[in-house]
Amino acid sequence: QVQLVESGGGSVQPGGSLRLSCSPSGFTVYYYTIGWFRQAPGEEREGVSCIGKDDGAAVYADSVKGRFTISRDNSKNTIYLQMNSLSSEDTAVYYCAAVPLNPRRPCRVLPGEYGYWGRGTQVTVSA
């Protein structure tokens, strides 16, 4: 059974950092594109970042570019999202999602393209 489990969420003050982890079970992350998405109350799900074959194949939403870094550790079968310089606008439930890897084109942070989803982890940024 394919499952994705997010961890690392929590509460942090503005300017702080968190690192989220996405650990799939039932499949090897090496063969998949992994995306991070977030959804704030009353808002639509928003694409944050995705990663293809390696760290050089990462894509970021403009809202997080320069602050967030996505990476993969295939030896641990885990994808990370390092989040720095957090602000209240980053408060949301964060989800990771997976789709089979297509090495012929860059990944995209479009929720409809991803078939496997985790249950999410809450990130709250407040003073």
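Nothing here was measured: the structure is a model prediction, and the numbers come from that model.
- With salt bridges taken as basic N to acidic carboxylate O contacts below 4.0 Å, one links Arg108 and Glu113.
- A single hydrophobic cluster is not seen to contain both Val99 and Tyr30; linkage of ILVMFWY side chains at heavy-atom distances under 4.5 Å, directly or through other members, places them apart.
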Candidate pair Leu20 and Glu6, rule side chain to side chain contact (heavy atoms under 4.5 Å, CB included), full reasoning:
CA-CA 7 Å; Leu20 305 184; Glu6 303 94 339; over 6 Å; no

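- With contacts defined as side-chain heavy-atom distances shorter than 4.5 Å, the pair Ser23/Lys76 does not qualify.
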Criterion side chain to side chain contact (heavy atoms under 4.5 Å, CB included) on Phe68 and Gln82, from CA distance to verdict
CA-CA 5 Å; Phe68 289 13; Gln82 177 67 43; over 6 Å; no

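- Cation-pi geometry between Arg45 and Tyr95 is met: the NZ or CZ atom falls under 6.0 Å from the ring centre, inside 45° of the normal.
- In this structure, the separation between CZ on Arg38 and OG on Ser49 is 11.0 Å, given to the nearest 0.5 Å.
- Within the model, atoms CG of Asp62 and NZ of Lys65 stand 4.5 Å from one another, a figure rounded to the nearest 0.5 Å.
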Any chance you could lay out the side chain to side chain contact (heavy atoms under 4.5 Å, CB included) test for Leu86 and Gln13, step after step, and finish with the verdict?
CA-CA 8 Å; Leu86 288 164; Gln13 293 185 340; over 6 Å; no

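- Formation of a donor-acceptor pair under 3.5 Å by the Ser88 side chain with backbone atoms of Ser126 is not found in this model.
- Atom CD of Glu89 sits in a sparse spot, with 12 or fewer heavy atoms from other residues, nucleotides or ligands closer than 6.0 Å.
- When only modelled atom types and interatomic distance are considered, Asn84 and Ser17 share a side-chain donor-acceptor pair under 3.5 Å.
- Side-chain contact check for Val48 versus Val109: every heavy-atom pair is 4.5 Å or farther apart.
- At a threshold of 4.5 Å between side-chain heavy atoms, the hydrophobic network of Ile, Leu, Val, Met, Phe, Trp and Tyr places Trp36 and Tyr32 in one connected group.
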Criterion side chain to side chain contact (heavy atoms under 4.5 Å, CB included) on Arg119 and Leu4, from CA distance to verdict
CA-CA 8 Å; Arg119 294 187 175 184; Leu4 293 166; over 6 Å; no

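- Taking the six-membered ring where tryptophan is involved, the planes of Phe37 and Trp117 are tilted, since the angle between them lies from 30° to 60°.
- We find the CG-OG1 distance between Asp90 and Thr124 to be 11.0 Å, quoted to the nearest 0.5 Å.
- Taken together through direct or relayed side-chain contacts under 4.5 Å among Ile, Leu, Val, Met, Phe, Trp and Tyr, Val29 and Tyr31 form part of one hydrophobic cluster.
- We find the CG-OG distance between Leu18 and Ser11 to be 8.5 Å, quoted to the nearest 0.5 Å.
- Under the 4.5 Å side-chain heavy-atom criterion for grouping Ile, Leu, Val, Met, Phe, Trp and Tyr, Tyr114 is not connected to Tyr80 through any hydrophobic cluster.
- Here the CD1-SG distance, from Ile79 to Cys22, works out to 6.5 Å after rounding to the nearest 0.5 Å.
- Between Tyr116 and Gln3 there is no side-chain heavy-atom pair separated by less than 4.5 Å.
- The distance from the CD1 atom of Ile51 to the CD1 atom of Ile34 is 9.0 Å, given to the nearest 0.5 Å.
- Looking only at side-chain heavy atoms (C-beta outward), Asn77 and Thr28 come within less than 4.5 Å of each other.
- Within 6.0 Å of CZ on Phe27 lie more than 12 heavy atoms contributed by other residues, nucleotides or ligands.
- Side-chain contact between Ser87 and Pro14 is absent, with no heavy atoms from C-beta onward closer than 4.5 Å.
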